[in-house]
Peer 1: 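Would you mind keeping the following structure in view while I ask a few things?
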Number of protein chains: 4
Amino acid sequence: MGNRILKKPTAGSERPKRGAPEETRRRLVAAAAEEFNIRGLHGTTADLIAARAGYATGTFYKHFRDKNEVLVAAYEAWVSEEWNAIGREVLGGGEPEAMARRIVALGAELHIRWGGLRRAMFMLVADDAAAQKSYRALQRRQLKIVESLRKQRGEGGGCSREADALVLMTMERAFDAIAQGELRELNLGRTAILERVTALLADALSPDA
Amino acid sequence: MGNRILKKPTAGSERPKRGAPEETRRRLVAAAAEEFNIRGLHGTTADLIAARAGYATGTFYKHFRDKNEVLVAAYEAWVSEEWNAIGREVLGGGEPEAMARRIVALGAELHIRWGGLRRAMFMLVADDAAAQKSYRALQRRQLKIVESLRKQRGEGGGCSREADALVLMTMERAFDAIAQGELRELNLGRTAILERVTALLADALSPDA
Amino acid sequence: MGNRILKKPTAGSERPKRGAPEETRRRLVAAAAEEFNIRGLHGTTADLIAARAGYATGTFYKHFRDKNEVLVAAYEAWVSEEWNAIGREVLGGGEPEAMARRIVALGAELHIRWGGLRRAMFMLVADDAAAQKSYRALQRRQLKIVESLRKQRGEGGGCSREADALVLMTMERAFDAIAQGELRELNLGRTAILERVTALLADALSPDA
Amino acid sequence: MGNRILKKPTAGSERPKRGAPEETRRRLVAAAAEEFNIRGLHGTTADLIAARAGYATGTFYKHFRDKNEVLVAAYEAWVSEEWNAIGREVLGGGEPEAMARRIVALGAELHIRWGGLRRAMFMLVADDAAAQKSYRALQRRQLKIVESLRKQRGEGGGCSREADALVLMTMERAFDAIAQGELRELNLGRTAILERVTALLADALSPDA
DNA sequence: CATGAATGAGCCTTCATTCAT
DNA sequence: AATGAATGAAGGCTCATTCAT
C-alpha cells in the first residue's frame with residue numbers, strides 16, 4: 001500500500017524544508033502517535049509516519065533508530081500528557097470520592113482517544129526487550145507517584161504498594177476494555193464498570209485505606 | 001520430484017502415521033500451543049508448528065487455513081482445560097475463602113505455564129477480526145458460567161454482571177502480570193498480590209456479595 | 001480449495017468400487033475433460049478430477065502418470081469425436097458448398113462446447129514437450145485426412161498441403177475466437193465470420209481448387 | 001539487518017542507479033520481455049526479471065503489482081514497436097502486392113523473435129481477466145487502424161470489418177506457427193505459407209477488395 | 001484396486017532499513 | 001538536513017505427487 005513509485009505530488013507546499021531538527025522530531029513523534037493509534041503496530045510503517053509528518057522515509061531514520069523507537073517516544077509522550085492532566089486534577093484537591101470521579105473520567109477519555117496507541121505499545125512490549133524496559137520504567141514511575149500521593153495524605157499501611165498496583169492495573173484494564181470495544185461486545189454497562197472503578201480508586205485515595 | 005533433500009529426523013513425537021486426521025490435528029494444535037507459548041505470535045511460523053508436530057508444511061495447511069486459525073484453536077483448548085480444572089475445584093465445594101484460594105493458585109499456575117500463548121492470542125485478537133470474535137465468545141461463556149455459579153449460591157445483587165466481569169479482569173490481569181514477569185520487574189510481591197486477588201474472588205463467591 | 005481435511009461424505013453411494021480398470025480410466029478421462037473445460041489448465045487439479053469421477057486422488061495416479069497425461073488423453077478423445085462427426089458429414093456427400101456449411105456449423109458447435117478444454121491443451125502444449133508431440137501428431141493426422149479427401153475428389157495442385165493447413169488454421173482460429181468470446185468483445189459478427197470461413201472451406205473442398 | 005549475504009554481481013547491464021524511476025521501469029520491462037520470451041509464463045519469476053535488469057526483488061514490486069502487470073506492459077511495448085515498424089512500411093507506399101510482401105516479412109521476423117513473449121501473453125490472457133481486457137483493447141486498436149487504412153485507399157464493401165479481422169487472425173496464426181516451430185514439425189513449407197498470407201494481405205489492401 | 005493423508009520445493013510478496021544523491 | 005529509490009531476508013501458501021494402509 002502506497003509504496004508504488006508514482007511521485008506523489010507531496011500535498012501543498014507549506015512543509016518545513018531544513019527546519020530545526022527538534023521541530024522535525026516533534027512532528028514525527030506526533031505523526032507516529034496518530035498512525036499507530038489508527039493503524040496499529042503492524043499497519044504502521046516508517047513511510048506512513050514520515051509522509052504524515054510531511055517528510056521522506058530517509059528523514060525518519062535520521063531521527064529514530066527504528067519504528068520501535070518512535071513508538072516508545074510517542075507512548076512516553078502520551079503517558080506524560082495523561083499524568084500531567086491527572087496531576088492537575090489532584091492538585092485541584094477535594095474529597096477522595098470527587099477526585100476519583102474526575103480522574104476516572106479523564107483516564108477513560110484519554111484511553112478511548114488513544115486506545116490504538118496503547119494497544120500498539122502493548123504489542124511492541126511483547127516483542128521488543130528495549131520497549132519493555134522503557135515501559136516498565138514508566139510503570140515504576142507511575143507507582144512511585146501514587147505511592148508518594150498516598151503518603152502525603154497519610155495512610156494506613158499493609159502491603160500497600162501491591163494494593164496500589166492492583167488498583168492501577170484494574171483501572172487500566174477497565175479503560176482498555178472500554179477503548180477496545182470489549183464492554184460493548186460483552187454487553188457490559190460502561191457506567192456500572194466505571195462506578196466500581198471509581199469506588200476502588202476513591203478507596204485507595206482515602207487516608208485510612 | 002520431492003525427496004531431493006533428506007528430511008530432518010522429525011525431532012521428538014512418535015511418528016506421523018497416515019490415516020488419522022483427528023490425531024494429526026490434535027498434534028498440530030498441541031505443537032502450536034507450545035510454539036506460540038515459547039516464540040510468540042510473530043516468532044511462530046506454520047513451518048515451525050508442523051515441524052514440531054513431526055509433519056511437513058503442507059500438512060499444516062490441510063488442517064488450518066493459516067497461523068491464526070491454529071492459534072485460536074490452541075487458545076480455545078487451553079481455556080477449556082483451565083475451566084475444567086477450575087470446575088473440578090468448584091465441585092470440590094467448601095468455604096468461599098478456601099475455594100477462592102484453590103482457584104487462584106490454579107489460575108496463577110496455568111497462566112504462568114501458558115503466559116506466552118495468552119500473549120500471542122492477545123496480539124492476534126488486536127489484529128484479526130475472526131480471532132477477536134472467537135475470543136469474545138469465550139469471554140461471554142466465561143461470564144455466563146460465573147453468573148450461573150453466583151446464582152446457584154444465591155446472591156445479593158447490584159449490577160452483578162459488571163462486578164463479575166471486573167473481578168475476572170482483575171484476576172487475569174494479575175495472573176498475566178506474574179506470567180509476563182511484570183511483578184518481578186516492578187518489585188511487587190507476588191504473594192501479596194495473590195492474597196488480594198483471592199480476597200476479591202472469595203468476596204465474589206460469597207452468597208451475600 | 002477443497003483440500004482441507006474434512007471427510008466429505010463422498011456423495012451418494014452408486015460408485016464403482018473395484019470395477020474394471022478400463023471403466024475407471026474412461027470415467028477419469030471424461031471427468032478430466034469436463035474439469036479442464038470449466039476450470040482451465042491451472043484451475044484443475046488431480047484431486048478435482050478424481051473427485052468428479054467418484055474416486056480418490058491416489059486412484060487417479062494409478063491410471064495416469066500425471067495431470068498432463070489425462071489432459072492429452074481427454075483432448076485426443078475430443079479430437080476423435082470431432083473427426084468422427086465431421087467424417088459422417090463428409091460421407092453424407094453433397095455439393096462442396098453444402099458440405100462446408102455443415103462442417104463449419106459442426107466445428108463451431110464443438111469448439112464452443114469444448115473451448116476451455118482446447119485452451120487448456122494449448123497451454124499445456126506451450127509448456128510440455130510430450131504434450132506438444134502428441135498435439136503435433138494429431139495435427140499431422142488431420143492434415144493427412146484432408147489431403148486424402150482432396151485427392152479423392154481429384155484436385156488441381158499447387159502447394160496444396162500448405163493451402164490445406166492454412167485453411168485449417170484459419171478455421172480453428174475462427175472457432176476459437178467465437179468460443180473464447182473474442183468476437184463478442186471485438187464487436188465482430190459471428191455469422192459474417194462463419195460465412196467467410198465456410199467460403200474458404202468450400203473452396204478448398206472443390207475439385208478445381 | 002540485510003547485508004548478511006553478498007549479492008551476486010548483477011550480471012550485465014550498466015548499473016542500478018538511484019533516482020531514475022522511469023529508467024528503472026524501462027529496464028524492468030525490457031528484462032521481463034526477454035525473460036518471458038525465453039522461459040515462458042510459468043518459467044519466469046519476478047526474481048528472475050529483477051535480477052536480469054540488475055535489481056533486487058523488492059524493486060520489481062515497487063514498479064509492478066505482479067508478474068502479470070509487467071507482462072502486459074512488455075507485450076504492449078512489443079505491439080507498439082511492431083505497429084510502428086509496419087506503419088513505416090505503409091508510409092513507404094507502393095503497390096499493395098509489394099507493401100504486403102514487406103509487411104509480411106516484417107511481421108514474420110518480429111513474431112519469430114518474440115514468439116515466446118506472445119505465447120506467454122496468450123497464456124496470461126487465458127487466466128487473467130485484466131490481461132484479457134488489455135489484450136482486447138490492443139486488438140480493437142489494431143482493427144481500427146486496418147479499417148482506416150482500407151478507407152484511405154477507398155474500398156468495395158461488404159462486412160469488411162470481419163474480413164479484416166479474419167485476415168489479421170490468419171496472419172498472426174501463420175506467424176505463430178512459424179515462431180513456435182509448428183511448420184517445421186508438420187513438414188510445411190514456410191515460404192509457401194508466407195506466399196499465401198502475402199496474397200491474402202495484398203488482396204485486403206487492394207482498393208477494390 | 002482403491003484410499004486419502006502426507007509431502008515439500010518453490011513461488012509470490014512485504015516491509016524495515018540503507019545509502020547515493 | 002532531506003530525499004526516496006533500492007535492498008533482500010523472511011514468510012505465507014499452493015499443489016503436483018507419493019505411499020502406507
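Heavy-atom basis, side chains included; hydrogens, waters and symmetry copies ignored. Per chain, numbering begins at 1; letters A, B, ... match sequence-line order.
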Peer 1: Give a yes/no on whether any side-chain N or O of D/Thr45 is located under 4.0 angstrom from OP1 or OP2 of E/dG10.
Peer 2: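 No, no such contact exists.
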
Peer 1: Check ring-ring contact (aromatic ring centres under 6.0 Å, His included) between A/Phe60 and all other residues, then give those that pass, not counting sequence neighbours.
Peer 2: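 Scan of A/Phe60 (ring-ring contact (aromatic ring centres under 6.0 Å, His included), adjacent residues dropped) gives A/Phe64.
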
Peer 1: As an exercise, state the distance from CG of D/Asp128 to CG of D/Asp66, rounded to the nearest 0.5 Å.
Peer 2: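 Answer rounded to 0.5 Å: 7.5 Å.
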
Peer 1: Contact class for B/Thr57 (heavy atom, under 4.0 Å): base, sugar-phosphate, or nothing?
Peer 2: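 Counting heavy atoms under 4.0 Å across all strands, the contact made by B/Thr57 includes a base.
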
Peer 1: Considering heavy-atom distances to DNA chain F, does C/Asp66 or D/Gly58 have its closest nucleotide positioned more toward the 5' end?
Peer 2: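 Nearest-nucleotide comparison on DNA chain F picks D/Gly58.
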
Peer 1: Could you tell me if the side chain of D/Ile38 sits less than 4.5 Å from the side chain of D/Arg52, heavy atoms only?
Peer 2: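 Side-chain contact under 4.5 Å: yes.
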
Peer 1: Specify the separation, in whole Å, of atom CZ of A/Phe36 and atom C1' of E/dA16.
Peer 2: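 So the two atoms are 11 Å apart, to the nearest Å.
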
Peer 1: Within the 4.0 Å heavy-atom criterion, would you say D/His63 contacts the bases, only the backbone, or no part of the nucleic acid?
Peer 2: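 The answer is sugar-phosphate, as D/His63 gets under 4.0 Å only of primed atoms, P, OP1 or OP2.
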
Peer 1: Just verifying a value: how many Å separate C/Tyr55 OH and C/Lys62 NZ, rounded to the nearest 0.5 Å?
Peer 2: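 The NZ atom of C/Lys62 is 14.0 Å from OH of C/Tyr55, to the nearest 0.5 Å.
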
Peer 1: For the side chain of D/Pro21, starting at C-beta, report the closest nucleotide among F/dA6, E/dA2, F/dA5.
Peer 2: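 So the nucleotide nearest the side chain must be F/dA5.
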
Peer 1: Heavy atoms under 4.0 Å, any strand shown: does B/Ala46 hit a base, just sugar-phosphate, or nothing?
Peer 2: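 If one applies the 4.0 Å heavy-atom cut-off, B/Ala46 turns out to touch the sugar-phosphate alone, with no base involved.
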
Peer 1: Under 3.5 Å, side-chain donor or acceptor atoms of residues 115-126 of chain C against the rest of the protein: list the pairs with distances, not counting sequence neighbours.
Peer 2:
unit_1: C/Arg118; atom_1: NE; unit_2: C/Asp176; atom_2: OD1; d: 2.8
unit_1: C/Arg118; atom_1: NH1; unit_2: C/Tyr75; atom_2: OH; d: 3.1
unit_1: C/Arg118; atom_1: NH1; unit_2: C/Glu172; atom_2: OE2; d: 3.4
unit_1: C/Arg118; atom_1: NH2; unit_2: C/Glu172; atom_2: OE1; d: 3.4
unit_1: C/Arg118; atom_1: NH2; unit_2: C/Asp176; atom_2: OD2; d: 2.8
unit_1: C/Arg119; atom_1: NE; unit_2: C/Gln180; atom_2: OE1; d: 3.0
unit_1: C/Arg119; atom_1: NH2; unit_2: C/Gln180; atom_2: OE1; d: 3.2

Peer 1: If you check the B/Tyr61 side chain, which of F/dA2, F/dC13, F/dA6 turns out closest?
Peer 2: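 When the side chain of B/Tyr61 is considered, F/dC13 is the closest of F/dA2, F/dC13, F/dA6.
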
Peer 1: Give the rounded distance in Å between these two atoms: OH of B/Tyr55 and C1' of E/dA6.
Peer 2: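 The answer, rounded to whole Å, is 9 Å.
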
Peer 1: How many angstroms lie between atom NE2 of B/His63 and atom CD of B/Glu22, to the nearest 0.5 angstrom?
Peer 2: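 Reported to 0.5 Å precision, the distance equals 8.5 Å.
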
Peer 1: Starting from Watson-Crick (N1-N3 plus N6-O4 or O6-N4) and G-U wobble pairs under 3.5 Å, report the runs of at least three that DNA chain F belongs to.
Peer 2: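 Counting only runs of 3 or more consecutive pairs, the stems involving DNA chain F are E:2-21 with F:2-21.
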
Peer 1: Nearest to the side chain of D/Thr59 - F/dA6, E/dC12, E/dA16?
Peer 2: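 Closest of the options to the side chain of D/Thr59: F/dA6.
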
Peer 1: Any side-chain heavy atom of D/Trp114 sitting closer than 4.5 Å to one from D/Glu34?
Peer 2: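 Yes - at least one pair of side-chain heavy atoms lies under 4.5 Å apart.
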
Peer 1: If I take atom CD in residue C/Glu69 and atom P in nucleotide F/dT17, what distance separates them, rounded to the nearest angstrom?
Peer 2: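 Taking atom P of F/dT17 as the reference, CD of C/Glu69 is at 10 Å.
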
Peer 1: For the pair made of CG in D/Asp47 and C1' in F/dG8, what is the distance, rounded to whole Å?
Peer 2: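 Checked: the CG to C1' distance equals 9 Å.
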
Peer 1: Quick one: on DNA chain F, does A/Lys62 or B/Lys67 contact a more 5' nucleotide (nearest heavy atom)?
Peer 2: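 Nearest-nucleotide comparison on DNA chain F picks A/Lys62.
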
